[in-house]
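Below is one structure, written out as structure tokens, with a few remarks after it.
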Number of protein chains: 2
Amino acid sequence: MRDITIDCTVFGFDNGSLEVLLVEHADGITKGEWALPGGWITEKEHIDDAAKRLLYNITGLDNIYLEQLKAFGAPDRYPLARVITVGYYALIKRADYNITAGFNASDAKWHRIDNIPKLAFDHNDILNFSIKQLRKNVRQAPIGFSLLPKKFTLLELMHLYEEILGYEMDKPNFRRKFLKMGLLKPLPEKQENVSHRAAQLYEFDMKIYEKLTDKGFSFEF
Amino acid sequence: MRDITIDCTVFGFDNGSLEVLLVEHADGITKGEWALPGGWITEKEHIDDAAKRLLYNITGLDNIYLEQLKAFGAPDRYPLARVITVGYYALIKRADYNITAGFNASDAKWHRIDNIPKLAFDHNDILNFSIKQLRKNVRQAPIGFSLLPKKFTLLELMHLYEEILGYEMDKPNFRRKFLKMGLLKPLPEKQENVSHRAAQLYEFDMKIYEKLTDKGFSFEF
DNA sequence: TCAAAAGTGTTATGATTACACCCATGA
DNA sequence: TCATGGGTGTAATCATAACACTTTTGA
């Protein structure tokens with residue numbers, strides 16, 4: 001597959017800010033430029049598996065939220081040959097990444113979503129499309145949790161939504177709306193080491209979600 | 001581009017029923033099987049332009065609603081070689097198609113969405129994905145009009161929504177909800193030759209829609 | 001006791017739903 | 001005059017938004 005690649009926008013959420021993982025090209029015609037992590041597809045693998053392999057190589061992580069965006073196919077998007085790329089986006093838990101950081105990590109850096117440099121090829125287009133998709137999907141499916149630690153508070157969840165969607169929300173209303181959906185499982189634990197009233201910790205329960213969707217429930221935020 | 005193709009689901013709405021245009025393969029290993037219209041991408045064209053070219057060849061139509069779905073890339077989806085296909089879906093006005101019917105039309109037939117034969121390759125997957133996308137998008141963007149004649153009544157529009165989404169709606173509520181959005185321009189004409197009270201004809205006004213979206217309006221049904 | 005965030009309550013407004021009903025027209 | 005769809009009215013219910021308020025905790 002000499003004329004098809006994959007490129008992946010890896011989103012992470014840390015300290016209230018939404019960031020993407022970019023790599024700096026070490027050589028070739030784009031030497032010194034930042035780009036989305038990407039790679040070639042091998043002859044026998046599913047394109048989704050190629051994206052998973054790439055993600056594993058760069059983050060050391062498995063079992064990541066991963067979704068295809070679309071194919072990007074302007075005839076001149078890659079200057080050396082006609083190459084079509086299939087774009088993906090992934091959502092990872094930053095805490096996990098920090099521990100297992102992949103072997104390419106020396107070239108990889110997190111960049112705030114509102115401070116993205118000029119990228120190689122058409123990667124700015126792909127990244128912008130990713131952000132649009134993420135904004136859309138986070139309101140239509142329970143995917144935000146993939147960016148949070150396993151256990152989180154309602155306010156952390158709200159801050160994530162605020163950061164992705166770009167506007168402030170009302171705390172009481174957010175709580176009620178989310179709790180009413182019934183997707184969150186309250187844990188028998190509370191926050192620790194905080195200098196204020198400890199908040200209830202919750203966990204997203206995929207099984208509850210699947211049961212509800214079977215019954216016709218559809219996530220909407 | 002020997003290893004990339006495009007395949008397109010062409011939707012049409014006629015007589016209250018949602019249909020797709022399928023072609024019967026005349027030879028090759030899929031001889032006699034039905035399939036989505038598709039073709040190869042030439043070296044210098046944008047994949048979107050390849051899809052437009054294909055659509056023009058098969059329907060004789062230009063200026064069609066066309067949107068990419070995603071790339072389909074299972075390693076064995078095409079038995080003779082590793083070929084990845086980029087899926088598209090198009091919405092056409094059946095009345096226009098009937099007039100200018102493309103030169104391949106002898107092999108092409110409309111099939112009701114609920115009565116699709118076994119298709120070649122992974123085309124059933126692509127078609128099912130198309131239907132899912134159409135159902136989703138018709139509620140989030142004003143694309144339904146692309147399947148109706150330029151001038152239509154509110155009830156025709158409602159029947160289109162009912163057919164695509166698969167459930168019955170309440171006429172008074174549908175009217176009000178749609179009219180309140182203010183996207184429809186009432187025409188100085190009414191239905192003719194109907195054996196009941198003639199209904200007001202409307203037209204979808206793209207300019208109004210764009211003005212509204214600039215102001216933060218977002219279509220939702 | 002104060003700051004900071006957790007968490008509850010209340011009210012106004014608007015959207016959605018369900019359904020009854022009248023209108024216009026050709027057969 | 002009847003069937004068929006066109007079109008209006010209304011009341012109950014539910015979701016959303018705005019914001020005032022109380023609670024808990026560590027420093």
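Note that the structure is a prediction, hence the values are computed from the model and not measured. The sequence lines fix the lettering, A, B, ..., with proteins before strands; numbering per chain opens at 1. For the numbers below, each heavy atom of this structure counts, side chains included, while hydrogens, waters and symmetry mates do not.
Remark: B/E19 pairs with B/R94 by the salt bridge (Lys or Arg N to Asp or Glu O under 4.0 Å) rule, at least two apart or across chains. With sequence neighbours left out, the salt bridge (Lys or Arg N to Asp or Glu O under 4.0 Å) criterion links A/D122 to A/R77. Applying the side-chain contact (heavy atoms from CB on, under 4.5 Å) rule to A/R53 yields the partners A/T42, A/E45, A/A50, A/N57; only residues at least two apart in sequence or on another chain are considered. For B/K207, the side-chain contact (heavy atoms from CB on, under 4.5 Å) test picks out B/D205, with sequence neighbours left out. Residues passing the ring pair (Phe, Tyr, Trp, His ring centres under 6.0 Å) test with B/F152 are B/F145, sequence neighbours excluded.
B/K118 and B/F121 make their closest contact through NZ-O, 4.3 Å (heavy atoms, listed as atom of the first residue, atom of the second, distance).
Residues of residues 164-180 of chain B having a heavy atom closer than 4.0 Å to DNA chain C, listed by number: B/D170, B/P172, B/N173, B/R176, B/K177. Contacts of residues 188-200 of chain B with DNA chain C (heavy atom under 4.0 Å): B/V194, B/S195, B/H196, B/R197.
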Could you go through residues 182-200 of chain B and list every donor-acceptor pair under 3.5 Å that involves a side-chain atom there, pairing it with any protein atom two or more places apart or in another chain?
{"residue": "B/E189", "atom": "OE1", "partner": "B/K151", "partner atom": "NZ", "Å": "3.2"}
{"residue": "B/E189", "atom": "OE2", "partner": "B/K151", "partner atom": "NZ", "Å": "2.9"}
{"residue": "B/Q191", "atom": "OE1", "partner": "B/A199", "partner atom": "N", "Å": "3.1"}

Under 3.5 Å donor-acceptor pairs involving side-chain atoms of residues 159-176 of chain A, not counting sequence neighbours:
{"residue": "A/H159", "atom": "ND1", "partner": "A/E162", "partner atom": "OE1", "Å": "3.2"}
{"residue": "A/Y161", "atom": "OH", "partner": "A/V138", "partner atom": "O", "Å": "3.2"}
{"residue": "A/E162", "atom": "OE2", "partner": "A/M169", "partner atom": "N", "Å": "2.7"}
{"residue": "A/E163", "atom": "OE2", "partner": "A/L18", "partner atom": "N", "Å": "2.9"}
{"residue": "A/E163", "atom": "OE2", "partner": "A/R112", "partner atom": "NH2", "Å": "3.3"}
{"residue": "A/D170", "atom": "OD2", "partner": "A/N173", "partner atom": "N", "Å": "3.0"}
{"residue": "A/D170", "atom": "OD2", "partner": "A/N173", "partner atom": "ND2", "Å": "3.2"}
{"residue": "A/N173", "atom": "OD1", "partner": "A/R176", "partner atom": "NH2", "Å": "3.0"}

Donor-acceptor pairs under 3.5 Å, side chain of residues 60-74 of chain B to any protein atom, not counting sequence neighbours: which ones?
{"residue": "B/Y65", "atom": "OH", "partner": "B/E67", "partner atom": "OE1", "Å": "2.3"}
{"residue": "B/Q68", "atom": "OE1", "partner": "A/A71", "partner atom": "N", "Å": "2.7"}
{"residue": "B/Q68", "atom": "NE2", "partner": "A/A71", "partner atom": "O", "Å": "2.9"}

Check residues 208-216 of chain B and write down every donor-acceptor pair under 3.5 Å in which the side-chain atom is one partner and the other belongs to a residue at least two apart or another chain.
{"residue": "B/T213", "atom": "OG1", "partner": "B/Y209", "partner atom": "O", "Å": "3.0"}
{"residue": "B/T213", "atom": "OG1", "partner": "B/E210", "partner atom": "O", "Å": "2.9"}

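Here chain A contacts DNA chain C (any atom closer than 4.0 Å to a heavy atom, that is under 4.0 Å), and the contacts span C/dA4 to C/dT10 from 5' to 3'.
Within the nucleic acid shown, B/L155 comes within 4.0 Å of sugar-phosphate atoms alone, with no base atom in reach, counting heavy atoms only.
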